[in-house]
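Here the structure comes first, spelled out in structure tokens, and everything after it is commentary.
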Amino acid sequence: MLIGTPAEIPARDITPEGVYRQRRRFIGAGVASLLAALGLGLPSLALARTPTGRILDYRKPGAFPSDEESNSYDDITGYSNFYELGSGKSDPQANAKALQTDPWSLVIEGEVKRPVTLALEDLLSPHAAHPLEERIYRLRCVEAWSMVIPWVGFPLGRLLKRLEPTSRARYVVFQSILDPERLPGQKSRLLPWPYQEALRLDEALHPLTLLAVGLYGRVLPNENGAPIRLVVPWKYGFKSIKSIVRIRLVTERPHTTWNRHAPQEYGFFANVDPAVDHPRWSQSRERRIGEFLKRPTLPYNGYEQQVAPLYRGMDPTALR
Amino acid sequence: MKPTTVLQLLPWPIALAPLGWLGIRFANGALGANPIEAVIRELGQSALWLLLATLAVSPLRRRLGWPPLAVLRRPLGLLTCGYALLHLGAYGGLDQAFFWPAIAADLTKRPFMTLGLAALLLMLPLAATSPRAVARRLGATAWRRLHRLVHPIALLALLHHYWLIKADYRPALVETAVLTLLWGERLVHGVAHWRNRVARMEFTR
């Protein structure tokens, strides 16, 4: 008997991923038309939303350009975690009206020489200190799904540097709106409110760290954290706090909401890491929304080259 | 048709309607941005509510004083098992695309997955002994004893649900309240039954 190593699969027998996905779409369309023929097709069930909201004046492409295909406006707005507006993925869109964004003010204070209060208009109109640009980022949720989102915003570091952090500034704390009268998730106390997140100062100053005020060229819809939110693309999504009213520079490491709720599940750093599983599920692969097959999760969500130096010499288990 | 036959057939269209609705929405792309997750969740939720409905039959039968209700148990139990199998199938086939290493790792390493699988495995002997001929061969006492497994199954299924929740426990709390109520009725009934027997024994003595 001949014992040999199994032959490698010739390249011509491997279906390219794009073709595979096209086939999936084709099969889906086939099923839909079959149902339509049976009188079961209900196109009105899946109506696409047209983006509304003010069109922003911004530079495109901005820094860190990407040729990845963005998720649809429908996917981005219809599927999000924003517990202030409810715990289900479609709740934030359904309850979006409960969030009042006008008037809005963002206070930046603490260990800065020049504290400031910014009004909504300061954030939305192009400003010499923080000109708006497009940033197409991957967003990886701790729940093992991901999207590609064309944000409009400005680097947080640019704004912070202008306010001159003092030598005592080590961490940057962010707080979301507190409005238990109107926000359904705050009425029922799903989490200790207000939602709070934090970054180390060097993380906050990193050029990838973005304060987003829009997506797809228009102001942020409420369900995605209007009027201003953080986007830290190499960390799990819960770090990217929404609807920010206060930014404070401090010396001591502050508590953060999900970390306090379940410290063993949601770390302070929460850097995307396929090698470290969440206690209840694997983080090695993710479902890109809109795709059938899962794809491998990349260290630092694919931003390793840009951000790994921030953590040089640190114990990797401390970076969960 | 006899009323009991109607009663026996009734759960099928009612309990299968959500499955049809789920299928229609899936095919029409009306399940949101993550249809696979939605399918898995809805199937699991249906299985859990059908399980609670199965457990509600005997208490209702006693409280309403209408013995024929007992025929509801078999269709409801079988439907529970069917939804649970579809729930596992949707996870393995749609979510993991039959990628066995990941499935094996999930089922062994994640306690909430292990509990769910255990609940489903325990359901199989109940479904298998559901046909009348099999039940008869097993004998009434052994059948009844075996089907008491439904209680640990309910506990496992509920824990399976609790363990995947991040912060919003309200739906699982409703299920817990229902299960507690149904178990409470059984306890009250059991105690009364036992007291009756003791009283009768004393009387005959």
Side-chain angles (χ1 to χ4, degrees), chain A residues 28-36 38 40-48 71-72 74-81 83 86-91 93 142-145 147 185 188-192 238 257-258 261-262 265-266 277-282 284-285 287 289-294, chain B residues 17 19-42 45 90-117 159-174:
Chain A
V31 173
S33 49
L34 181 71
L35 282 170
L38 292 169
L40 289 169
L42 302 167
S44 60
L45 280 177
L47 276 182
N71 279 87
S72 70
D74 262 6
D75 284 353
I76 296 169
T77 56
Y79 192 81
S80 62
N81 280 318
Y83 273 45
S87 63
K89 295 286 184 299
S90 53
D91 290 350
Q93 186 164 63
V142 71
E143 296 166 357
W145 54 266
M147 291 196 196
S188 46
R189 300 188 185 188
L190 292 177
L191 287 167
F238 67 88
T257 299
W258 280 105
H261 176 74
E265 301 199 343
Y266 312 102
D277 283 345
H278 183 280
R280 290 185 278 171
W281 54 82
S282 165
S284 65
R285 296 184 304 149
R287 164 155 297 112
I289 294 301
E291 291 180 356
F292 177 68
L293 287 182
K294 294 190 178 187
Chain B
L19 185 64
W21 179 230
L22 185 65
I24 289 171
R25 281 178 300 153
F26 184 73
N28 284 284
L31 285 174
N34 197 346
I36 294 173
E37 179 197 37
V39 164
I40 296 170
R41 293 225 165 190
E42 287 199 21
Q45 195 61 68
Y91 157 75
L94 296 178
D95 189 54
Q96 299 289 1
F98 300 112
F99 183 57
W100 299 108
I103 295 174
D106 266 356
L107 292 176
T108 53
K109 275 204 267 178
R110 331 261 171 233
F112 91 88
M113 299 280 289
T114 316
L115 291 182
L117 183 68
L159 287 173
H160 171 66
H161 188 185
Y162 265 103
W163 219 318
L164 61 83
I165 295 171
K166 284 173 68 187
D168 190 356
Y169 288 96
R170 288 171 298 180
L173 286 171
V174 174

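Residue numbers begin at 1 in each chain, while the letters A, B, ... track the order of the sequences. Just so you know, these numbers come straight off a predicted model, no measurement behind them.
Ring geometry for B/F98 against B/W100 counts as tilted: the plane angle lies between 30° and 60°, on a 0 to 90° scale.
Considering only residues two or more places apart in sequence or on other chains, B/A38 meets the side chain to side chain contact (heavy atoms under 4.5 Å, CB included) condition with B/L31. Residues forming a side chain to side chain donor-acceptor pair (under 3.5 Å) with A/S284 (at least two apart in sequence, or on another chain): A/S282.
Within a 6.0 Å sphere centred on CZ of A/R285, heavy atoms belonging to other residues, nucleotides or ligands number more than 12.
The parts of A/R280 that come within reach of chain B are both its backbone and its side chain, each placing non-hydrogen atoms under 4.5 angstrom from that chain. With a threshold of 4.5 angstrom between heavy atoms, A/L191 approaches chain B through side-chain atoms but not through N, CA, C or O. Neither the backbone nor the side chain of B/Y169 comes within contact range of chain A, judged by heavy atoms closer than 4.5 Å.
Each of A/W145, A/Y83, A/W281 has some count of heavy-atom pairs under 4.5 Å with chain B, and the biggest count is that of A/W281. Taking B/K109, B/K166, B/M113 one by one and counting their heavy-atom pairs under 4.5 Å with chain A, the maximum is reached by B/K166.
Here the two rings, on B/H161 and B/F112, have centers that are 6.0 Å apart or farther.
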